[in-house]
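Atom set for the values below is all heavy atoms of this structure, side chains included, hydrogens, waters and symmetry mates excluded. In what follows, residues are counted from 1 in the order of the sequence shown.
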Amino acid sequence: MRSYESSGAPRAAHANGLTLGLGRLWVMHNNLASRSAVQLVDAASGALGARLPLGGANCHSPLFYRGRLLYLLSASGGLGRLHPNGTSDTLWAAGARYFSKGLAVVDDIAFLAVALRQRAAVERNFAASEVAAFDLLRHVLLWRRPLPFPGLVNSLTAPRVGPGCSWRACATGAAGEAAESLHAPREAEWAAALRAGPTQGGLFGALG
């Protein structure tokens, strides 16, 4: 199996998560020093594809929702969304004093873990964390609830709803059966990204 290494400085850039779609791995390349990106990797051959820049540095938790790629803008305690044309928008952010890590989507509600930013790595063990619920249809924050234990949250999921709610959106009841096709990326929409090579940069000059 082919492997890849980052050329970034130690602890400055690393792969921290991935999701699957359209026969590719969508690998989150978190960069603390500059803009994070999603690197496409062909699941069958391991060939590198396009590199899609995101809305900021220090991003986590890529997840497909209604054909778009949701992710955490961790540096602002926020939730972002990547569109097929290469643009990103911020759906919600707690602010610069906060850090977000851990994302799951159930029934059009995004659940993300938010904590006060830590100054040193050891402080992650004692961080006061909470879970926020954001309505993805109405674009409103529903609630924020503190967790009853200290420590930074790494991931969220809903195993009683579906085994993959941390990497693709899930739904309960009868809607659960159709959730996979509803939320999966569509090849026609992402065609430019799928055609682009690894050296063309971003969503490539062709899209302007």
Quiz prompt | Cluster overlap Leu142 with Trp92, hydrophobic side-chain contacts below 4.5 Å | solution = no

Quiz item: Do you know which two heavy atoms are closest between Leu82 and Ser88, and how far apart they sit?
Solution: CD1-OG, 3.6 Å

Exercise. Mark yes or no for whether Asn85, through its side chain, and Thr87, through its backbone, hold a donor-acceptor pair below 3.5 Å.
Key: yes

Quiz prompt | Arg144 to Tyr98 six-membered ring, cation-pi geometry met (6.0 Å, 45°) | solution = yes

Quiz item: Are the side chains of Pro84 and Arg68 in touch, meaning some heavy atoms are under 4.5 Å apart?
Solution: yes

Quiz item: Is there side-chain contact between His183 and Arg66, with at least one heavy-atom pair below 4.5 Å?
Solution: yes

Quiz item: Between Leu103 and His60, is any pair of side-chain heavy atoms under 4.5 Å apart?
Solution: no

Quiz item: Phe149 and Leu112: same hydrophobic cluster, using ILVMFWY side-chain contacts below 4.5 Å?
Solution: no

Quiz item: How close do Ala75 and Ala57 get, heavy atom to heavy atom, and via which atoms?
Solution: CB-O, 3.9 Å

Quiz item: Nearest 0.5 Å, what's the CG-CG distance between Leu25 and Leu18?
Solution: 6.0 Å

Quiz item: Looking at side-chain heavy atoms only, is the closest gap between Leu48 and Leu40 below 4.5 Å?
Solution: no

Practice problem: Would you confirm whether Arg97, through its side chain, and Leu116, through its main-chain N or O, come within 3.5 Å as a donor-acceptor pair? | Solution: no

Quiz item: Would you say Ser100's side chain and Gly78's backbone share a donor-acceptor pair under 3.5 angstrom?
Solution: yes

Quiz prompt | Test item: side-chain donor near acceptor, Tyr71 and Ser36, under 3.5 Å | solution = no

Quiz item: Where do Asn58 and Ser74 come nearest, in terms of heavy atoms and distance?
Solution: O-CB, 3.0 Å

Quiz item: Passes side-chain contact (heavy atoms from CB on, under 4.5 Å), Leu69 versus Thr19? Steps please.
Solution: CA-CA 9 Å; Leu69 191 73; Thr19 189; 3.9 Å; yes

Self-check item: Spacing of Asp135 atom CG and Leu91 atom CG [to the nearest 0.5 Å]
Solution: 11.0 Å

Quiz item: Do Tyr65 and Leu79 share a hydrophobic cluster, counting only Ile, Leu, Val, Met, Phe, Trp and Tyr and linking them when any side-chain heavy atoms are less than 4.5 Å apart?
Solution: yes

Quiz item: Tell me, do Trp190 and Leu52 make a side-chain contact under 4.5 Å, heavy atoms counted?
Solution: yes

Quiz item: Between Val106 and Leu137, is there a shared hydrophobic cluster once you connect ILVMFWY residues whose side-chain heavy atoms come closer than 4.5 Å?
Solution: no

Quiz item: Can you say whether the rings of Trp26 and Phe64 are parallel (under 30°), tilted (30 to 60°) or perpendicular (over 60°)?
Solution: perpendicular

Quiz item: Under 4.5 Å between any side-chain heavy atoms of Phe134 and Val140, yes or no?
Solution: no

Self-check item: Side-chain touch Leu136/Ile109, heavy atoms, less than 4.5 angstrom
Solution: no

Quiz item: Is any side-chain heavy atom of Leu72 less than 4.5 Å from a side-chain heavy atom of Cys59?
Solution: no

Tell me which donor-acceptor pairs under 3.5 Å the side chains of residues 150-169 have, and how far apart each pair is, sequence neighbours excluded?
unit_1	atom_1	unit_2	atom_2	d
Asn154	OD1	Lys101	NZ	2.9
Arg168	NH1	Glu180	OE2	3.4

Quiz item: Just how far is it from atom CE of Met28 to atom NE2 of His14, taken to the nearest 0.5 Å?
Solution: 10.5 Å

Exercise. Any chance you could measure Ser181, atom OG, to Arg186, atom CZ, to the nearest 0.5 Å?
Key: 8.0 Å

Practice problem: Give a yes or no on whether Val114 and Leu70 share a hydrophobic cluster (residues Ile, Leu, Val, Met, Phe, Trp, Tyr; joining criterion: side-chain heavy atoms under 4.5 Å apart). | Solution: yes

